Number of protein chains: 2
Amino acid sequence: MLQANADIDNSQTLTERQQAVLDAALRLLVEEGDNLTMTAVARRASCSKETLYKWFGDRDGLLTATVQWQASKVRVAPVDGKGLDLASLAASLERFASDWLRVISSDTSIALNRVAVGHAGSGKDNLGAVVLENGRFALAKRLKPVLEAGRQAGLLEFSDAEMAFRTFFGLVGRDVQIRLLLGDRLELTEAAIGGDAIRATQQFLALFGATNGRKASS
Amino acid sequence: MLQANADIDNSQTLTERQQAVLDAALRLLVEEGDNLTMTAVARRASCSKETLYKWFGDRDGLLTATVQWQASKVRVAPVDGKGLDLASLAASLERFASDWLRVISSDTSIALNRVAVGHAGSGKDNLGAVVLENGRFALAKRLKPVLEAGRQAGLLEFSDAEMAFRTFFGLVGRDVQIRLLLGDRLELTEAAIGGDAIRATQQFLALFGATNGRKASS
DNA sequence: GCCGAACCGTAACGTACGGTACGCTGTTGT
DNA sequence: ACAACAGCGTACCGTACGTTACGGTTCGGC
């Protein structure tokens, strides 16, 4: 559901075995958070620590490889093109919204974001940049063409696609991600996700839809 | 700008010296992130580690004390009451929005949130809950009366104040907080904050304002 | 059947850091 | 004046973990 990639090397440079090791690391990361140890990863993956270090350099290397591996796994449904009527535009937006909510509320996304945020302060690695690139920015890159198409078709009105995207992003995500990252229980049922997607889409169309005369854009 | 508090003990139970120590810890936390050491705090605060442990128990105790200390420092401007016209309502909302944006883009808020997010996984302490309580939930507790007043005055239309608040939250914050937490450079100038506050308020009023017939609420 | 490479399991090393103990000094109360 | 104490500085201990080293095993190629 995520990831525009095209910048990281990913799956083909990794052997099957290496992918399995990274999967193990990923699972452990979800369970243990940032306090996973190299020993634990080795044990979980049934490999030796020496191999870990040979393949990934050091702990940070393993972490970034794991994050990129996860990023490369989640491929995007291409959203196809332009069925330029309002209904299909709304459907596309709703799909984006629910996909996005599903991602940010998933265990692995929460774990990955936690680790990346934790590492963002001390500039040893750039996990934060990786997560950002495959999360928020990938989403923008995928959604903007849809918004532009909507504008071309006369369905949407906005001056700046980036600004329109960010508004949509805010309407969809609201306080969900920060609450989840901070440990708030907040189980998003499939029904709730669907409802939120519809609501966010309606609100977005109310603000940027062309049919209604509205002075929403700054 | 932040914090409804009324749940944590805060300033009066702390001596001047202890507050100074916590200030030092806070400054160090901003600089070093979660890898500050007890030794470093002791040195920065010109106190002994023994004192640190006597006062705060252990490292987690020091961290939570620091977070609560910061929370207790930021007091809220009471927003006073009801000048029930649209202009003053908009002004209140704008003030909330800009205050909030200033908070979440401040170095100390970023550092605190990073630490809290990092700790949220492994349930040793409840930093996440503390931050959440003094951040997102405190904001809601302060803002909801304003929204309710707006509804009473016939200026706003919504069925659920919580839901209206979350929409406002999303419109104001958008992707700012997660980007900052993940290390994205994104300096918010005072002008940008003001502009965003106005935009968010306008969008919120477009969605929930009573004067315009609109089917925005889910 | 043998060689080397890749890899597993584990032991060992070094270090950083949380936590504790101790000696010294300045202050306070009597 | 002196005892009691709070607190500073520092040395110290134990441990957890990142990193390295090493012996044993499997496997593909000759």
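Naming convention: chains lettered A, B, ... in sequence-line order (proteins, then strands); numbering from 1 in each chain. Small disclaimer: the values here were computed from a predicted structure and weren't measured.
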Asks: When every nucleotide of nucleotides 6-22 of chain C is labelled 5' to 3' by its protein contacts under 4.0 Å (heavy atoms), B for base, S for sugar-phosphate only, - for none, what sequence of letters results?
Replies: -SBB-B-----SBBBBB
Asks: Could you check whether Asp99(A) pairs with Arg95(A) (Lys NZ or Arg NE/NH1/NH2 to Asp/Glu carboxylate O, under 4.0 Å)?
Replies: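 Salt bridge between Asp99(A) and Arg95(A), a charged N being under 4.0 Å from a carboxylate O: yes.
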Asks: Salt bridge check: are Asp34(B) and Arg59(B) linked by an N-O gap of less than 4.0 Å?
Replies: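 Result for this pair is yes, salt bridge flagged.
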Asks: Listed in order of residue number, which residues of residues 24-34 of chain B have a non-hydrogen atom at under 4.0 Å from DNA chain C?
Replies: none
Asks: Please name all residues satisfying ring pair (Phe, Tyr, Trp, His ring centres under 6.0 Å) with Phe204(A), sequence neighbours left out, ordered by chain then number.
Replies: Phe168(A), Phe208(A)
Asks: When you look at NZ of Lys144(A), are more than 12 heavy atoms from neighbouring residues, nucleotides or ligands closer to it than 6.0 Å?
Replies: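 Counting other residues, nucleotides and ligands, NZ of Lys144(A) exceeds 12 neighbours.
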Asks: Between Arg114(A) and Glu32(A) (salt bridge meaning N to carboxylate O under 4.0 Å), is one present in this structure?
Replies: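 No, no charged N to carboxylate O under 4.0 Å.
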Asks: For the pair Arg136(B) and Asp184(A), find out whether any cationic side-chain nitrogen is under 4.0 Å from an anionic carboxylate oxygen.
Replies: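 Looking at Arg136(B) and Asp184(A), the cut-off is not met.
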Asks: Out of the candidates Leu181(B), Val30(B), Val103(B), Leu180(B), only one should pair with Ser109(B) under the side chain to side chain contact (heavy atoms under 4.5 Å, CB included) rule; please name it.
Replies: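 Going through the options one by one, the only one that passes is Val103(B).
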